Amino acid sequence: MMMKQACIFLISCLCSLMVHAQRTFPGLFILGGELGNSSASSPEDIKRIFPKLERMGLNTVLVPVYWELVEPEKGSYDFSLVREAIQQAEKYHLKIVFLWFGAWKNSMSCYAPAWFKKDYKTYPRAKTRTGKPVEVASVFSANVLNADKQAFSQFVRFLAKNDRHHTVVMLQIENEVGMIESSRDFSETANKEFKKNVPAKLLHYIRQKKNSLHPFLLTKWKEHGSRVSGSWTEVFGDDIYTNELFMAWHYAIYIEQLAKEARTILSLPLYVNAALNSRGRKPGEYPSAGPLAHLKDIWKCAAPHIDFLAPDLYDKGFKDWVRQYALPDNKLFIPEIRLEDNDGIRAFYVFGEHDAIGFSPFSIEDGSDSPDYPLTQSYRVLKQLAPFIHKYRNSGRMKGLLFDETHKDTTILWNESTIKAAHYFTLPWDSRATNGQTWPEGGGLMIQLEKNEYLVAGSGIVLTFYNKQEPADMQKRGEDGFIISGEKHRVTNNPWQDIARCGLLSVDEVSVDSLGNMQRVRRLNGDQDHQGRHVRISVGEYKILHVKLYQYK
Ligand code: DGJ
């Protein structure tokens with residue numbers, strides 16, 4: 001009997017470890033784009049758009065699934081659009097991430113079917129502080145949950161039966177959930193819930209994970225006495241930020257139910273996306289309580305079947321936002337970013353710097369399918385690099401680069417090398433740098449293959465390699481790229497006696513086949529590497545360089 005109990009305990013520990021361990025998704029490498037909200041609502045649009053996406057170089061498309069069209073009458077389901085999307089994706093060599101536009105889309109319940117919307121007594125709305133009902137289904141209603149979960153479950157079952165070629169690689173549950181207009185739901189049911197104690201599971205989690213908690217949560221908990229029990233206001237204080245924590249817990253336990261259901265049917269990665277609390281907005285002024293960085297611990301604790309939380313990026317501060325989501329317990333995936341010419345460069349950065357799972361500009365069908373479109377050029381290069389990205393992801397041997405007119409350069413200390421990396425326009429000879437136009441971003445990714453061997457890919461960058469002991473040369477250069485000061489500062493002792501210098505042994509522009517074999521496109525030397533001084537990829541060009549270094553004294 002004892003033996004049996006021990007076995008059950010061990011198995012349950014293992015299962016919970018499997019749920020809680022950070023999954024790494026080695027197969028996922030999403031060069032994506034998300035369709036505009038209404039672009040998958042007719043078979044004709046799907047047929048028209050998908051071939052363009054292949055021409056644009058995507059390997060994956062993010063496609064909404066609309067609850068209102070899936071279940072127009074309660075209990076009767078229509079998955080013809082889902083079927084069409086899978087068929088077209090297969091025809092045009094795309095994978096799919098489906099987005100479940102269920103009970104909430106950008107906090108609102110606009111995609112709920114008409115029968116749900118009209119029956120507000122059965123499916124109640126959230127209320128603001130003043131008692132005003134908003135078109136946000138109440139997360140506290142079991143009827144809302146059951147109706148949403150039932151439809152979602154039918155959808156996942158449809159996939160399990162019909163996606164025979166595994167075209168669907170991931171699912172997003174709901175879209176940018178969160179309370180709007182007030183920091184929490186003030187309906188009667190919500191008020192009752194708010195008076196209850198903070199769930200013991202959450203307080204246990206906070207105590208267990210003290211060292212890795214988001215500082216926002218840790219501070220709020222400590223400031224109010226690091227309590228091990230109590231109501232939401234007792235534990236975290238009485239303010240709108242506590243309201244947001246409370247709502248986050250409830251959105252997360254709701255979504256956990258859908259995620260758990262999906263996992264029993266299909267073993268696809270599952271994620272949720274967040275509208276960011278950018279521009280200094282306060283809870284209630286954006287979809288509050290969504291999977292935001294400062295609420296990640298609430299979400300991780302309440303929704304262990306959600307594999308990661310993902311940011312939608314429409315505001316300034318790209319590097320900072322992605323850093324907040326690339327965490328030891330959260331893989332970085334960018335399901336939405338504003339469609340613009342800098343996106344191609346940013347894709348390099350997130351794969352190189354943060355081992356991202358994927359990148360996906362929003363309303364992708366509005367982009368151009370010209371082969372010169374920046375995103376297409378970038379995806380073309382990234383696709384070639386896939387074997388290397390798969391091999392080196394999470395190894396610490398990839399780095400990302402991203403520069404603009406304000407952040408022009410950086411010095412990277414990396415193992416035995418110092419690398420000075422900069423925007424291409426820092427070179428003195430490109431007139432586009434000074435013609436008054438805003439610099440396009442420059443960036444890329446670097447992979448260290450061996451001690452003296454790198455792959456550098458991207459656009460608009462220049463890199464100079466030094467040995468670690470060698471002082472990086474930061475001197476001002478003239479128009480021709482030579483140091484201005486010449487031999488003015490003669491020194492008597494020889495500082496170089498013990499220091500080996502780093503030189504470029506060879507620089508090749510290469511292409512890479514699907515097995516990771518490199519073919520030289522051209523040898524770059526002379527003017528193309530400033531006679532062996534640096535490697536560079538011009539603004540507007542997207543390339544892969546294979547760089548070999550050597551040391552000399
Ligand atoms: C973020 C949402 O997730 C998208 O569905 C879309 O509404 C964009 N914002 C803005 O167009």
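On a predicted model such as this, the values are computed, not experimentally measured, just so you know. Side chains included, hydrogens not; waters and symmetry mates left out as well; all remaining heavy atoms used. Order of listing sets the numbers, starting from 1, for every ligand and every atom in it.
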K.L.:
Are Asp315 and Trp321 close enough that a side-chain donor and a side-chain acceptor fall under 3.5 Å?
P.N.:
no

K.L.:
Check whether NZ of the Lys or CZ of the Arg Arg380 lies under 6.0 Å from the centre of the six-membered ring of Tyr542 and within 45 degrees of that ring's axis.
P.N.:
no

K.L.:
For residues 160-185, which residue pairs pass the ring pair (Phe, Tyr, Trp, His ring centres under 6.0 Å) check, not counting sequence neighbours?
P.N.:
none

K.L.:
Please name the pair of heavy atoms, one in Gly57 and one in Thr376, separated by the smallest distance, quoted to 0.1 Å.
P.N.:
N-CG2, 4.4 Å

K.L.:
In chain order, what residues pass the side-chain hydrogen bond (donor to acceptor under 3.5 Å, both in side chains) check against Asp78, with sequence neighbours excluded?
P.N.:
Ser80

K.L.:
Side chains of residues 135-146: which donor-acceptor pairs under 3.5 Å do they make with residues two or more places apart or in other chains?
P.N.:
residue: Ser138; atom: OG; partner: Phe140; partner atom: N; Å: 3.2
residue: Ser138; atom: OG; partner: Asp185; partner atom: OD2; Å: 2.9
residue: Ser141; atom: OG; partner: Asn143; partner atom: N; Å: 3.2
residue: Ser141; atom: OG; partner: Val144; partner atom: N; Å: 3.1
residue: Asn143; atom: ND2; partner: Thr122; partner atom: O; Å: 3.0
residue: Asn146; atom: ND2; partner: Ala142; partner atom: O; Å: 3.2

K.L.:
Who are the residue neighbours of ligand 1 when the rule is a heavy atom under 4.0 Å from any of its atoms?
P.N.:
Asn37, Lys105, Asn106, Asn175, Glu176, Asp312, Tyr314, Glu336, Phe362

